[in-house]
**Student:** 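Below is a structure I'd like to ask you about.
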Amino acid sequence: QVQLVESGGGLVQAGGSLRLSCAASTHTFSDYSGGWFRQGPGKEREFVTMITWNVRNTYYADSVKGRFTISRDDAKNTVYLQMNSLSPEDTAVYYCGARRYGGRTFDERSYNYWGQGTQVTVSS
């Protein structure tokens, strides 16, 4: 069983930046693909970005391309989400997910492990 703990959320003004972290409890995190999803008020959870476990390919939702960057540090068992040029539309609870040996997937059902979520609020 892998536990994921997100951190780094908070309140920021439009145009600002935040960096989210997702720390995994496993020392074999290099075997896992990591993804970020978000759920805004009154909306369904949606894919934001992911990074694969082997060649570290990255994929982004169109809404965040050029503004968000996903990265990972397997030595720290952690995935990061750098968010720049934030807008009120980015306000959501951000969730980290992980799946072992997972390839490209934008479907939350493909992820086996989830964190508890961290709130990001962007004020206008």
**Student:** How would you list all residue pairs meeting salt bridge (Lys or Arg N to Asp or Glu O under 4.0 Å) that involve residues 20-35, not counting sequence neighbours?
**Tutor:**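 Salt bridge (Lys or Arg N to Asp or Glu O under 4.0 Å) check on residues 20-35 returns Asp31-Arg100.
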**Student:** Linking Ile, Leu, Val, Met, Phe, Trp and Tyr by side-chain heavy atoms under 4.5 Å, what else ends up with Val2?
**Tutor:**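 Direct or chained contacts put Val2 with Leu4, Val12, Leu18, Leu20, Phe29, Tyr32, Trp36, Val48, Ile51, Tyr60, Val64, Phe68, Ile70, Val79, Leu81, Met83, Leu86, Tyr94, Tyr113, Val120, Val122.
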**Student:** Check Ser124 against Pro88 and note the closest heavy-atom contact, atom names and distance.
**Tutor:**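 Minimum heavy-atom contact is CB-CG, 3.8 Å.
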**Student:** Determine yes or no for a side-chain-to-main-chain donor-acceptor pair under 3.5 angstrom, with Thr52 supplying the side chain and Gly103 the backbone.
**Tutor:**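 It does not hold such a pair.
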**Student:** Run the numbers on Gln119 and Thr91 for side-chain contact (heavy atoms from CB on, under 4.5 Å), then give the verdict.
**Tutor:** CA-CA 8 Å; Gln119 177 70 48; Thr91 294; 4.0 Å; yes
**Student:** Can you name the residues that form a side-chain contact (heavy atoms from CB on, under 4.5 Å) with Asp107, not counting sequence neighbours?
**Tutor:** Thr105, Arg109, Ser110
**Student:** Drop me the distance from Gln39's CD to Glu46's CD, to the nearest 0.5 angstrom.
**Tutor:**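 Those atoms lie 9.5 Å apart.
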**Student:** Side-chain heavy atoms under 4.5 Å apart, restricted to Ile/Leu/Val/Met/Phe/Trp/Tyr: what other residues fall into the cluster of Leu11, or is it alone?
**Tutor:**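 None; Leu11 is a cluster of one.
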**Student:** Nearest heavy-atom pair of Asp90 and Ser85: which atoms, and what distance?
**Tutor:**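 Between these two residues, the closest heavy atoms are OD2-O, 4.3 Å.
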**Student:** Just verifying a value: how many Å separate Asn77 CG and Ser25 OG, rounded to the nearest 0.5 Å?
**Tutor:** 8.5 Å
**Student:** Taking atom OG of Ser33 and atom CZ of Arg104, what is their separation to the nearest 0.5 Å?
**Tutor:** 12.5 Å
**Student:** Within the distance-only criterion (no hydrogens, no angle test), does the side chain of Gln116 pair as donor or acceptor with the backbone N or O of Val5 below 3.5 angstrom?
**Tutor:**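 Checked: no pair found.
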**Student:** Name all residues meeting the side-chain contact (heavy atoms from CB on, under 4.5 Å) criterion together with Asn112; count only those two or more places apart in sequence or in a different chain, and write none if there are none.
**Tutor:** Arg99
**Student:** Looking at CD of Glu6 and SG of Cys22, how far apart are the two atoms once the value is rounded to the nearest 0.5 Å?
**Tutor:**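 Reported value, rounded in 0.5 Å steps: 5.5 Å.
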**Student:** Report yes or no: does Gln82 contribute a side-chain atom to a donor-acceptor pair with the main-chain N or O of Arg19 at less than 3.5 Å?
**Tutor:** no
**Student:** Any chance you could pull the hydrophobic cluster mates of Tyr59, using side-chain heavy atoms under 4.5 angstrom and chaining through other members?
**Tutor:**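 Members alongside Tyr59: Phe37, Phe47, Met50, Val93, Tyr95, Phe106, Tyr111, Trp114.
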